[in-house]
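Just so it is clear, the values below take in all heavy atoms, side chains as well, and ignore hydrogens, waters and symmetry mates.
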Amino acid sequence: MILRLTVILAALAGAASAQDSLRERIDALRAAEAPVVTGDLYAEDRERDLDRIAAHAGALFPQAERIALFVGPGCADCATARTELEALGHPVALHDTVDPDSAALHEALALEDLPAYVMSDRLIRGHMPAFVLERYLTE
């Protein structure tokens, strides 16, 4: 009986010690200062996107369109994106990724999603509501 009680007390003491250790580690993490982030976290990504757009501008906007739309098979939102964009009344350069040249352009721009929109100053991955696109196109 005494041996069992000793084992139980030792186990409880170990658990308490582990709990204190965990508590000390949590307190230390809370006390640590968060890193100070200055500047624009996405500046490098944005510059890389702008460089890609500039490098492929002729293929993206062959008729001097203001926006290019990438669509492709298996894309549930592509038809909606195309209809909404055309309804805004802005000329659209349509790039269907079924076409090997459009697929290569899609890949060169590092666009993973469809639909994808490209303007001279931005890449938009995934479906974007028409009112947002209208704002971008009238800026």
Side-chain angles (χ1 to χ4, degrees):
M1 177 76 174
I2 292 177
L3 181 58
R4 271 191 186 169
L5 185 55
T6 303
V7 170
I8 291 172
L9 289 174
L12 289 175
S17 175
Q19 186 177 12
D20 289 342
S21 175
L22 179 59
R23 180 170 284 121
E24 288 169 0
R25 288 187 286 175
I26 291 171
D27 290 342
L29 288 171
R30 285 183 180 152
E33 289 187 31
V36 176
V37 178
T38 59
D40 186 349
L41 292 175
Y42 301 103
E44 286 181 30
D45 291 336
R46 190 170 22 264
E47 287 303 315
R48 193 172 22 254
D49 286 349
L50 291 173
D51 289 345
R52 288 178 182 143
I53 293 168
H56 300 285
L60 282 166
F61 313 108
Q63 304 290 318
E65 297 90 349
R66 295 197 54 215
I67 188 164
L69 175 65
F70 284 86
V71 298
C75 172
D77 293 324
C78 285
T80 302
R82 183 177 180 180
T83 301
E84 289 174 346
L85 195 52
E86 289 172 349
L88 293 176
H90 296 278
V92 177
L94 185 65
H95 297 279
D96 192 331
T97 58
V98 169
D99 174 63
D101 291 337
S102 291
L105 187 56
H106 185 261
E107 186 175 331
L109 293 167
L111 296 168
E112 305 84 25
D113 300 322
L114 290 175
Y117 310 82
V118 181
M119 290 172 251
S120 63
D121 63 344
R122 71 191 75 209
L123 298 175
I124 302 172
R125 295 161 173 92
H127 182 251
M128 189 64 47
F131 73 91
V132 174
L133 292 171
E134 177 66 18
R135 190 184 87 222
Y136 288 154
L137 289 165
T138 57
E139 286 181 342

key: side chain to side chain contact (heavy atoms under 4.5 Å, CB included) evaluation trace for I53 with M119   = CA-CA 8 Å; I53 293 168; M119 290 172 251; over 6 Å; no

Side chain proximity check, [X] to [Y], heavy atoms < 4.5 angstrom:
X: L105; Y: H56; value: yes
X: V118; Y: L111; value: yes
X: D121; Y: Y136; value: no
X: L137; Y: I67; value: yes

Summary of disulfide bond (SG atoms under 2.5 Å apart) pairs that have at least one residue in residues 49-110, sequence neighbours excluded =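 Matches after skipping sequence neighbours: C75-C78.
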
Which residues share a ring-ring contact (aromatic ring centres under 6.0 Å, His included) with H127, sequence neighbours left out =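 Testing H127 for ring-ring contact (aromatic ring centres under 6.0 Å, His included), a comparison that skips the adjacent residues, returns none.
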
message = Restricting to side-chain contact (heavy atoms from CB on, under 4.5 Å), what partner residues turn up for Y42, sequence neighbours left out?
response =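 Scan of Y42 (side-chain contact (heavy atoms from CB on, under 4.5 Å), adjacent residues dropped) gives D40, D45, R46.
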
I'd like a table of donor-acceptor pairs (distance under 3.5 Å, sequence neighbours excluded) in which one partner is a side-chain atom from residues 92-100, with atom names and distances.
residue	atom	partner	partner atom	Å
H95	NE2	L60	O	3.0
D96	OD1	V98	N	3.0
T97	OG1	V71	O	3.2
D99	OD2	D101	N	3.3
D99	OD2	S102	N	3.0
D99	OD2	S102	OG	3.4

Minimum heavy-atom distance between L133 and M128, given as atom pair plus value =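 Heavy-atom minimum between the residues: CD1-O, 3.7 Å.
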
message = Is there a path of hydrophobic side-chain contacts, each under 4.5 Å between heavy atoms, that joins L88 and I124?
response =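 Same hydrophobic cluster.
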
Pairs touching residues 107-120 that satisfy salt bridge (Lys or Arg N to Asp or Glu O under 4.0 Å), sequence neighbours left out =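 Counting only pairs at least two positions apart or across chains, the salt bridge (Lys or Arg N to Asp or Glu O under 4.0 Å) contacts touching residues 107-120 are E112-R125.
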
ask   = Going by the salt bridge (Lys or Arg N to Asp or Glu O under 4.0 Å) test, which pairs reach into residues 62-90, not counting sequence neighbours?
value =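 Pairs touching residues 62-90 that pass the test: R82-E86.
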
query = What distance separates L69 CG from L85 CG, expressed to the nearest 0.5 Å?
reply =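 The distance works out to 6.0 Å.
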
R48/D51 ion pair, N-O < 4.0 Å =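 Answer for the salt bridge query: no.
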
